[in-house]
K.L.:
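Below are the structure tokens for one structure; questions will follow.
All chains are named by letter (A, B, ...) in the order of the sequence lines, taking the proteins before the strands, and each is independently numbered beginning at 1. Note that these values count all heavy atoms, side chains included, but never hydrogens, waters or copies made by symmetry. Just so you know, these numbers come straight off a predicted model, no measurement behind them.
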Amino acid sequence: MEPARAKSIDTQASPVDNESVLVAAARAGDISAFEALVTRYERKIFRLAQHITQNTEDAQDVAQEAFLKAFEHLAEFQGNSRFYTWLVRIAVNQALMKLRKRHNKDVSLDEEVKTEDSVMPREIEDWGPSPEERYTQRELAEILARVIGELDPPFRTVFQLRDIDELSTEETAEVLGISVPAVKSRLLRSRLKLRDKLNRYFQRGVPQ
Amino acid sequence: MNCKNVVRELSNYLDDALDQGLKQSLEVHLEHCEDCHLLVDTTKKTIQIFCNSEPLPLSEDVRTRLHDALLKRLRRPKD
Ligand SMILES: [Zn+2]
């Protein structure tokens with residue numbers, strides 16, 4: 001079978017060359033080239049910030065701070081990873097800082113992960129083909145934001161990076177400063193929990 | 001392979017990261033176990049729905065504020 005994350009069309013494939021030109025120009029101080037990069041990624045960065053902070057105002061701040069930081073540190077971007085991966089690293093750190101500040105406590109990414117027993121799936125029902133098509137794009141985005149927000153920060157952050165922003169397991173581990181096995185076990189738990197939560201929206205007969 | 005093993009290997013299976021032998025015995029189990037078959041199918045759909053979902057466009061207001069704030073800071077001469 002095909003891996004679940006294989007996309008049929010990679011929408012970012014062709015503009016990559018264009019992207020390295022933009023990055024080089026931005027690095028040389030070309031603000032409009034940098035703005036073009038912002039325009040390309042602002043929606044994804046805002047979604048990442050929104051999913052992690054669960055607060056619209058914070059997400060706006062995070063996006064702004066992340067892009068500013070990226071511009072200021074462009075000279076440090078080595079070009080051996082994708083620009084987007086580098087940007088995600090900055091944004092996720094800003095988002096976690098915001099989250100810690102808002103909750104006025106340490107949101108630890110290293111907290112103990114419970115064993116598999118607690119992840120055994122509950123309701124298992126048939127969703128039928130393309131269950132997401134029963135919702136509009138906006139409704140779907142809201143459902144996804146809601147269910148991911150119900151996960152604890154260490155779990156939703158791992159899921160966001162791996163399954164939404166498509167970083168590799170190793171990149172995710174490095175960005176979050178946790179081990180590869182920790183990424184894997186949190187990802188499994190997150191996937192199962194999200195599946196459980198989406199069941200109420202996607203099982204056959206819902207919402208009609 | 002039992003249902004509990006399927007849950008434990010689910011992520012690896014969906015990421016196509018299982019060795020051939022384990023993958024085969026998992027697939028044999030799926031042929032006979034309706035629950036695990038549905039679990040694999042709906043978990044796969046969960047990942048695909050998230051992965052394929054397009055981020056919503058920023059509202060004009062939010063977008064303007066972001067770009068204005070960035071331009072204001074970026075155009076400021078360095079100290
Ligand atoms: Zn089974």
K.L.:
Please classify the contact between Leu144(A) and chain B as side chain, backbone, both or neither, with a heavy-atom cut-off of under 4.5 Å.
P.N.:
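Contact with chain B involves both backbone and side-chain atoms of Leu144(A).
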K.L.:
With a 4.0 Å cut-off, would you call Arg204(A) and Glu125(A) a salt bridge?
P.N.:
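No, Arg204(A) and Glu125(A) are not salt-bridged.
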K.L.:
Heavy-atom pairs under 4.5 Å with chain A are the metric here; pick the option from Thr46(B), Leu10(B), Leu71(B), Asn12(B) that has the most.
P.N.:
Thr46(B)
K.L.:
Could you check which of Gln50(A), Glu132(A), Lys184(A) has the highest count of heavy-atom pairs closer than 4.5 Å to chain B?
P.N.:
Glu132(A)
K.L.:
Please classify the contact of Ile31(A) with chain B as side chain, backbone, both or neither, using a heavy-atom distance under 4.5 Å.
P.N.:
side chain
K.L.:
Could you walk me through whether Phe159(A) and Phe50(B) pass ring-ring contact (aromatic ring centres under 6.0 Å, His included), step by step?
P.N.:
CA-CA 10 Å; Phe159(A) 185 83; Phe50(B) 271 101; 4.8 Å; yes
K.L.:
Before accepting this row, confirm whether a basic side-chain N of the pair Arg89(A)/Glu174(A) lies closer than 4.0 Å to the acidic partner's carboxylate O.
P.N.:
yes
K.L.:
Please flag which part of Thr39(A) lies under 4.5 Å from any non-hydrogen atom of chain B: side chain, backbone, both or neither.
P.N.:
both
K.L.:
Less than 4.5 Å to any heavy atom of chain B: does that hold for the side chain of Leu194(A), its backbone, both, or neither?
P.N.:
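Both the backbone and the side chain of Leu194(A) come within 4.5 Å of chain B.
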K.L.:
Between atom OG of Ser130(A) and atom NZ of Lys45(B), what is the distance when rounded to the nearest 0.5 Å?
P.N.:
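Result: 7.5 Å between the selected atoms.
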K.L.:
Of the backbone (N, CA, C, O) and the side chain (C-beta and beyond), which part of Gln160(A) lies under 4.5 Å from a heavy atom of chain B, both, or neither?
P.N.:
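For Gln160(A), no heavy atom lies under 4.5 Å from chain B.
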K.L.:
Heavy-atom pairs under 4.5 Å with chain B - which of Leu140(A), Thr56(A), Val147(A), Asp126(A) has more of them than the others?
P.N.:
Asp126(A)
K.L.:
Angle between ring planes, Tyr201(A) versus Tyr135(A), binned at 30° and 60°: parallel, tilted or perpendicular?
P.N.:
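Ring orientation of Tyr201(A) relative to Tyr135(A): perpendicular.
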K.L.:
Please determine whether a side-chain nitrogen of the Lys or Arg among Asp61(B) and Arg65(B) lies less than 4.0 Å from a carboxylate oxygen of the Asp or Glu.
P.N.:
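Here Asp61(B) pairs with Arg65(B) in a salt bridge, since their nearest N and O are under 4.0 Å apart.
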